[in-house]
Participant: 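I'd like to ask you about the structure that follows.
Atom set for the values below is all heavy atoms of this structure, side chains included, hydrogens, waters and symmetry mates excluded. Letters go in sequence order (proteins before strands), and every chain restarts at 1.
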Amino acid sequence: MLQIKNLTKVFPTGTVALNNVSFEVHDGEYLAVIGLSGSGKSTLLRCINRLIDPTSGEVIWNEHNITSASGAELRRMRRQIGMIFQHFNLVKRSSVMTNVLSGRLGYVHPVWSLFGRFSAADRQRAMAALERVGIADKADNRADQLSGGQQQRVGIARALMQEPQLLLADEPVASLDPVLSHSILRYLELLNQQDGITVLCSLHFLDLVHRYATRVVGLKGGELVFDGLPSELTPEKFKEVYGEEAEMVQVAPPHAA
Amino acid sequence: MPPENKPPSSPWFPALLSLFIPGSGQFILKERSRGFVLFLTVIILLSLIAWTRAFVLLVPMVFLFFWSARDAYRLAKGRQPGWGAALLLAGLVLYGTAIVVTEVRPTRLITGLPNVQPYLRSLFNPDLFEQPTEEITGVAPIMVPCVDPLPAPNREASTDHILIPEAPCTEVGNLLHITGEGFAPNESGQMQWIDPLGTPRRATLDGQVVVFTADENGRFETALTVPQAVPLTAQPAPGETLTHAVRAVQSIPSGRLQPTQTLSLVWEKIGETIALAFLATVMGVIFAVPVSFLAARNLMGGNAVTLAIYNIVRAILNIIRSIETLMWAIIFAVWVGLGPFAGTLALWFHTVAALAKLYSEAIESIDPGPIEAIRATGANWPQMVVYAVLPQILPTFTSFTLYRFDINVRLSTVIGLVSDAGLGFLVVQWVRLNRFSAMATAIIAIIIVVAVLDLASGWLRERIIQGKPIISSKNPVVRAAIKLMIVVAFLATFAWSWQVAKINLVELVTGAPKGLALAREFATPDLFTRPTESRAISTPLTVPCGAAESTIPADPDITLSVDCGDPGDPVVITGTNLPPNRTVSIRWVMPDGAFLRVKSNCCDTDGDGNVTLDAAINPIMVVEEGQTEPGRVEITYEEIVGGWQVTETVRTVIRLSIVTLLMALLATTIGALFAIPLSFLAARNIMGDSPIGRTTYYGLRTAFNIARSIEPLILVLVAATWVGAGPFAGVLALALNNIPNLGKLFSESIEEIDPGPVEAVTASGATRMQSLVYAIVPQIIPPFLAFIIYQWDINIRMSTVIGFVGGGGIGQQFRIWVSLNQYGAAATAILAIVIMVWTMDYLSAKARERLV
Ligand SMILES: Nc1ncnc2c1ncn2[C@@H]1O[C@H](COP(=O)(O)OP(=O)(O)OP(=O)(O)O)[C@@H](O)[C@H]1O
Ligand SMILES: [Mg+2]
């Protein structure tokens, strides 16, 4: 279980990206995080695995406090939490295989791994992960030779190497076309249903939220403004999270958003 | 494997082949290029070893042969080939030879340290201000030796500051007591002895310099040993004497601090440095613009004629560019004489070529749309240029020009190493005189000048690239006034620079014959020669008649119109059956072998091999008493005795070219090895925002920038003192320059990496080291390699001139040849440099293409 308690993040620039956000995520949920651009979705997800240090508040993961962890303890928690990125964040010049293996770094020996040595078991696990996302034949290609959808699948395979219990996905489909979006989200659904991995995924499109999520939280200006089932997220509610802005866009001066 | 590609039955066969001829096994296994590369590498490495005689390096070579066999075996078995071990072995041999050839002696870095310490210390103690001093001197004559009667001295004693020797005369070696009165109280001074010619020397007592201090009344007493001031050969005759003198000198500080002479000299040379750079850039632009249009493919590609012009212009520009500015300076110094003018010409020449290339590339990359549109309106070529081309290229042109100005400033700080212009001249001079604090002043001036002008042009460039107006005021009157001021300032600077650079166009014309002769010799490099042997034919000439009888017969091919005669009598010397159209030398030869040319610059044989010379018998031919043989007349010439061969020059040039390449290789490697770790410490995104991180970052970046502004040519001066002149000094200087240079480039490319993968790897629970290896290193390898290749390219160019000031390599030999007027040989060196630079340019462009 993941508990977010009174999470606040103020950037050095003074931007309040998260303002006293609290909610809980139960094991096995597929939670969608929605909100306008700049509402704090990425900040929220990055505070969970401490890529960003929150200003105040706590993140509790299975009884362990992530916010106060450091060093090896923090890395041990991080390796249970996989992450998928909007821009895939692959090392473009490395092979697909190396990229996937790099998801295993939290488990392997910190020194031996520096020389590119991975155990045969890890290599098999990487092949299995690639097979699972359907691109085993691309293992030896350079990452930048793959299409966007394939690259995101490499990203998923990399996260799978961590054998995660929780998967954070920050707009995993925002750089992809609708057809590919479905295929990627279906992989996440599969992991959620077959492996019981909890998924936290920020999304932009209402239809995707309805189709995949089991629960939805909405952020607006860093504050939690919605927490409920997708069915409760009527177009009216959706507009509450997004709507005023949509109206504002029409009349707003350019500096508004 | 398809059947037609089936390898020979056993994998041992290609393996065995490759063991004896590396690459051959790979070759028959259809890995043609792999085999070829391997074979070529082995040949090159073996010849390097043979040449350097560093036979220890045969050990890795043996391993390389085994590797080749194993590789062929593995290939035959159908396994994936790699290069790793072979690269390691080949690198071992290559660097081994490089170390031998460039005479790297790491111990000298330690043993030579005391020699450079004064330089380092003086950097913190530049020679900036001094207290002016006033000299108080008193003189008294003294006669040496004593004679009776003693004549009056022929020089006066001083009256205001009085010196009184204990006696009016003395003897060499005696002790002489002196009292002084009327000197500055409580100040010390020195005693001097002045010889009869007026030359002073320090007075000594028991080998110690005599120093005195006046008491509160301005009196002092001192003593000195009378020196042997007159050479033994010029001693006065017995009974005579000479007037010497003793002198006491106090220098006491007076008045306010003033800039030293060093500082004012440096100040003057700062002006010269800037003027040279400015003038060369302005003149460079004026010439480069029209040339660049001729060198732009999109403008010249229209028909065969313009295309031909394009190709010729391009080729000339490339040749000019591949010869370093300093080399041009040496060449121009022959033409117009040493001085700022030669330096300006060289800078200008190189600038024209470099800018024309950059400009033409800018022209080639313009949008063809507007050109088509203007063409379509029926405009002619100049109209098209003015309306469609110029508006597009002006910003790029200005930016390139500023960039070149930066380079010219740097270059004009070193042009003084070969002429006498700019700050570099002061540095060399003061290094030679061991005036370290003066030298430090000049070096600090260089750093400041380069930094300030870099900043200024950087500011301007930024504005131009961002399209910001240079003049921020909106008021039209103010704008017009500022514009006028800029124009006036520009013209004034130009006029001043013209003056400072001592531009003397007349010299260009009067020197033209020399320049042309030079060009002619340069056009005929010493490539091939045929071995020759000296031949001489002679016949006796008895002067006067009957004085002696020759026992040595005359050669039949030389005849004289007379057999004997008196000095001054006319004689016609005729040679026959000599090689046709050849320069021969005709001489008077005395029996003892001494000789004298009958006529200087004489003579050439005609097409049939005959030569005739009218002369008058030289008096040296007169037979002296006791001589039994008469003198002879001799014709000497060189006869070709073999086929064409490459000259010794070519062999020297090839050897030095290899040395130069290896120098550049070593320097780049050393530079990169040190720069890599430093660059991480100088990258903002790695160091973070902690106080330590920021301090390290700013400190290192500043250090890089300061160290970068000292040209390698100046560093060589220091390196040569440190480890002795030669290639090692060159390597050291280049490396010292490469570390900050590469460090800056590396750290900038680290700052440009994509943070995404780092984030992803960190999120998976990786340590900092792991994320460095898996997310950062793969991203920085291509830019690092590209920069290393780029630096090697620059180093090769640099190491062609680094020898001018003690850095070894081909530059050193070039300068020697020019100073010996052996222009043919110098031209050979230049030819080699052009080939080397072009090859490297080509290879590095290829390599860079593969990297991105
Ligand atoms: N490193 C940072 N420094 C300062 N401000 C930041 C930083 N990162 C984000 N912000 C600000 O915090 C706010 C929330 O940003 P965040 O990236 O979490 O939004 P988001 O909901 O993910 O938006 P998007 O949909 O565009 O990705 C924004 O106003 C943003 O400008
Ligand atoms: Mg975001």
Participant: Which residue out of P755(B), A766(B), A763(B), A775(B) racks up the most heavy-atom pairs below 4.5 Å with chain A?
Facilitator: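 Greatest number of close heavy-atom pairs with chain A: A763(B).
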Participant: Please determine, among S771(B), P757(B), P778(B), the option with the most heavy-atom pairs under 4.5 Å with chain A.
Facilitator: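 Most pairs with chain A among the choices: P757(B).
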Participant: Taking atom CZ as the centre, does F680(B) end up with more than 12 heavy-atom neighbours from other residues, nucleotides or ligands that are less than 6.0 angstrom away?
Facilitator: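 Enclosed: over 12 neighbouring heavy atoms sit under 6.0 Å from CZ of F680(B).
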Participant: Under a 4.5 Å heavy-atom cut-off, does chain B meet the side chain of R158(A), its backbone, both or neither?
Facilitator: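 Side chain only.
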Participant: What are the two closest heavy atoms between I692(B) and T696(B), and how far apart are they?
Facilitator: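 So the two residues come closest at O-OG1, 2.6 Å.
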Participant: At a 4.5 Å cut-off on heavy atoms, which part of R104(A) comes close to chain B: side chain, backbone, both, or neither?
Facilitator: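 When you check distances to chain B, no heavy atom of R104(A) falls under 4.5 Å.
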Participant: Side-chain donor-acceptor pair under 3.5 Å between D71(B) and Q26(B), yes or no?
Facilitator: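 Distance-only check passes for D71(B) and Q26(B).
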Participant: Do other residues, nucleotides or ligands put more than 12 heavy atoms under 6.0 Å from M1(A) CE?
Facilitator: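 Count over threshold, so yes.
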Participant: Please test R75(A) against T767(B) for side-chain hydrogen bond (donor to acceptor under 3.5 Å, both in side chains), starting from the C-alpha separation and ending with a verdict.
Facilitator: CA-CA 8 Å; R75(A) 288 200 299 274; T767(B) 62; 5.4 Å; no
Participant: Need one label for V108(A): side chain, backbone, both or neither, based on atoms under 4.5 Å from any heavy atom in chain B.
Facilitator: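 Both backbone and side chain of V108(A) come within 4.5 Å of chain B.
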Participant: Considering residues at least two apart in sequence or located in another chain, which fulfil the side chain to side chain donor-acceptor pair (under 3.5 Å) criterion with Q194(A)?
Facilitator: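 Listed in chain order: R132(A).
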Participant: Of all of I753(B), V773(B), L772(B), which one pairs up most often with chain A through heavy atoms under 4.5 Å apart?
Facilitator: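 Among the listed options, the one with the most contacts to chain A is V773(B).
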Participant: Under a 4.5 Å heavy-atom cut-off, does chain B meet the side chain of I81(A), its backbone, both or neither?
Facilitator: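 Looking at I81(A), just its backbone touches chain B.
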Participant: Measure distances from L90(A) to the heavy atoms of chain B and classify the residue's part below 4.5 Å as side chain, backbone, both or neither.
Facilitator: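 When you check distances to chain B, only backbone atoms of L90(A) fall under 4.5 Å.
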